[in-house]
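Quick notes on the structure that follows.
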Protein chains: 2
Amino acid sequence: MSTKTPNKPCNYENQARLYKALMHPARLAILDVLRYGEHCVCHLEAALGYRQAYISQHLMLLRDAGLIEDRRDGWNNYYRVTKPDVYKVIDAALRLIGDNSDRDSISRFENPLPNCTCPKCNPDTQTNSDPHVCEPPITSPGKPSIV
Amino acid sequence: MSTKTPNKPCNYENQARLYKALMHPARLAILDVLRYGEHCVCHLEAALGYRQAYISQHLMLLRDAGLIEDRRDGWNNYYRVTKPDVYKVIDAALRLIGDNSDRDSISRFENPLPNCTCPKCNPDTQTNSDPHVCEPPITSPGKPSIV
DNA sequence: TGATTATATTCGATTAATCGAATATAATAC
DNA sequence: GTATTATATTCGATTAATCGAATATAATCA
């Protein structure tokens with residue numbers, strides 16, 4: 001059956017595609033980590049505790065949906081959200097389901113993670129020359145343990 | 001695999017459930033018809049052109065998701081949206097995908113539909129004599145053709 | 001060059017969603 | 001009561017999503 005109604009022929013389809021991309025808990029978690037800035041795959045691994053390949057699969061899907069882009073820097077591949085307005089959808093959804101946590105404060109994922117190997121999380125172990133220099137981490141005093 | 005991350009354990013799941021309910025073009029179309037008021041199943045049939053059982057299946061799913069409720073009145077079963085904030089999610093999604101149509105004006109679905117048999121669409125044929133005659137619709141000046 | 005590190009991709013089995021067809025139910029009319 | 005109308009539900013086949021395992025690639029280091 002054609003899912004096109006006689007009216008607004010294609011916006012239902014496009015909208016449904018967006019929700020399909022958002023429909024998975026792991027992808028929502030990934031977008032949560034990326035909310036305040038780009039991060040590499042190993043950071044997502046450390047932050048979320050998922051397998052690397054599993055994360056990569058979901059990243060692929062989000063990329064195909066046009067929600068994220070990647071940028072390679074040396075060993076690491078950094079992902080960032082290309083359409084920040086996606087968080088307007090997410091926040092409206094969170095309000096709808098009754099989530100009242102503060103989403104306007106900076107994410108706990110912005111701090112270095114102990115299990116992450118990327119230069120962003122390990123600024124001191126910059127070997128010889130620093131080809132992939134990352135700005136010093138803003139070590140907030142009360143860095144929360146992720147696990 | 002558990003899809004729970006060590007953080008926000010269940011909100012990703014609940015949010016994903018919401019998107020799952022919104023993920024289908026037919027369900028988005030249904031919610032579009034119900035945006036400005038309750039309507040019966042035959043109205044949805046007439047407005048969208050889908051089979052009755054098909055619409056009923058999607059209504060069931062939306063009901064299970066807690067987004068709509070029904071109210072029986074004689075022959076007809078009227079559905080309404082229980083969480084109007086769902087349109088905040090939908091509107092944010094429409095803006096994200098670049099839809100600029102005016103959604104604040106009253107829906108074209110609020111007008112009587114020629115192929116709908118419900119009393120709402122046939123106010124004068126209230127009683128016994130021919131129960132399913134569709135009176136000429138109140139053609140509002142700029143009422144767009146549905147087909 | 002080969003080894004290592006970070007990440008991407010493919011494959012396949014399992015589970016879930018879709019959707020047509022047929023049937024069931026519940027209210028009303030006669 | 002039976003017939004009719006509006007709607008709901010079940011069944012089954014097809015398609016799509018999920019996710020672990022294995023493997024591939026691409027940059028870097030020695």
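Lettering of chains follows the sequences in order, A, B, ..., and the numbering in each one begins at 1.
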From OH of A:Tyr54 over to C1' of C:dA6, roughly how many Å is that when rounded to an integer? 20 Å
Integer-rounded Å distance: C:dA8 C1' and A:Ile30 CD1: 14 Å
Which whole-number value in Å describes the distance from A:Glu45 CD to D:dG20 P? 13 Å
If you apply the rule salt bridge (Lys or Arg N to Asp or Glu O under 4.0 Å), what do you find for A:Arg80 with A:Glu69, and how did you get there? CA-CA 6 Å; A:Arg80 70 185 169 285; A:Glu69 277 179 356; 3.0 Å; yes
Short side-chain N/O contact from A:Thr117 to OP1 or OP2 of C:dA6, under 4.0 Å: yes
Tell me whether the side-chain N/O atoms of A:Arg63 come closer than 4.0 Å to OP1 or OP2 in C:dT9. yes
Does A:Asn77 put a side-chain nitrogen or oxygen below 4.0 Å from OP1 or OP2 of C:dA8? yes
Taking B:Arg72 for its side chain and B:Gly74 for its backbone only, find out whether a donor-acceptor pair lies under 3.5 Å. yes
Return the set of residues passing side chain to side chain donor-acceptor pair (under 3.5 Å) with B:Gln52 (not counting sequence neighbours), or none when no residue passes. none
If only atom types and distance count, is the side chain of B:Tyr54 paired as donor or acceptor with the main-chain N or O of B:Ala26 below 3.5 Å? no
Over all strands shown, is B:Tyr78 touching base, sugar-phosphate only, or nothing at heavy-atom distances under 4.0 angstrom? nothing
In terms of side-chain geometry, is the basic nitrogen of A:Lys88 or A:Asp85 positioned less than 4.0 Å from the acidic oxygen of its partner? yes
Quick one: A:Leu61 CG to C:dT9 C1', roughly how many Å, whole number? 14 Å
Just how far, in rounded Å, is P of C:dA6 from CG of A:Leu44? 14 Å
Let me test you: for the helix from C:dT1-D:dA30 to C:dC30-D:dG1, what is the angle between the axes at its two ends (five pairs each), rounded to 10 degrees? 10°
A:Val81 versus A:Leu31: any side-chain heavy-atom pair under 4.5 Å? yes
At under 4.0 Å between heavy atoms, what does B:Cys40 touch on the DNA or RNA strands: base, sugar-phosphate, or nothing? sugar-phosphate
Check: protein-nucleotides 15-17 of chain C nitrogen or oxygen pairs below 3.5 Å:
unit_1	atom_1	unit_2	atom_2	d
C:dA17	OP1	B:Lys20	NZ	3.3

Can you get from B:Tyr78 to B:Leu48 by hopping between Ile, Leu, Val, Met, Phe, Trp and Tyr side chains that sit under 4.5 Å apart? no
At under 4.0 Å between heavy atoms, how does the protein contact nucleotides 21-27 of chain C? Give one character per nucleotide, 5' to 3', with B, S or -. BB----B
Length of the OH-P vector between A:Tyr50 and C:dA6, whole Å: 22 Å
Show every salt bridge (charged side-chain N to carboxylate O under 4.0 Å, His left out) that has at least one partner inside residues 38-50 of chain A, sequence neighbours left out. A:Glu38-A:Arg71
Short N-O contact, B:Asp32 and B:Arg27, less than 4.0 angstrom: no
List in chain and number order the residues that pass side-chain contact (heavy atoms from CB on, under 4.5 Å) with B:Ser107, two or more places apart in sequence or in another chain; answer none if no residue qualifies. B:Tyr36, B:Phe109, B:Glu110
Among A:Gln15, A:Arg17, A:Glu13, which one satisfies side chain to side chain contact (heavy atoms under 4.5 Å, CB included) with B:Pro25? A:Glu13
From CD of B:Glu13 across to P of D:dT18 the rounded distance in Å is 12 Å
Would one find a side-chain N or O of B:Asn76 under 4.0 angstrom from OP1 or OP2 of D:dT5? no
Quick one: do B:Leu61 and B:Tyr50 end up in the same hydrophobic cluster if we chain Ile, Leu, Val, Met, Phe, Trp and Tyr together by side-chain heavy atoms under 4.5 Å apart? no
Rounded to whole Å, how long is the line connecting atom CG of B:Leu22 with atom P of C:dT18? 12 Å
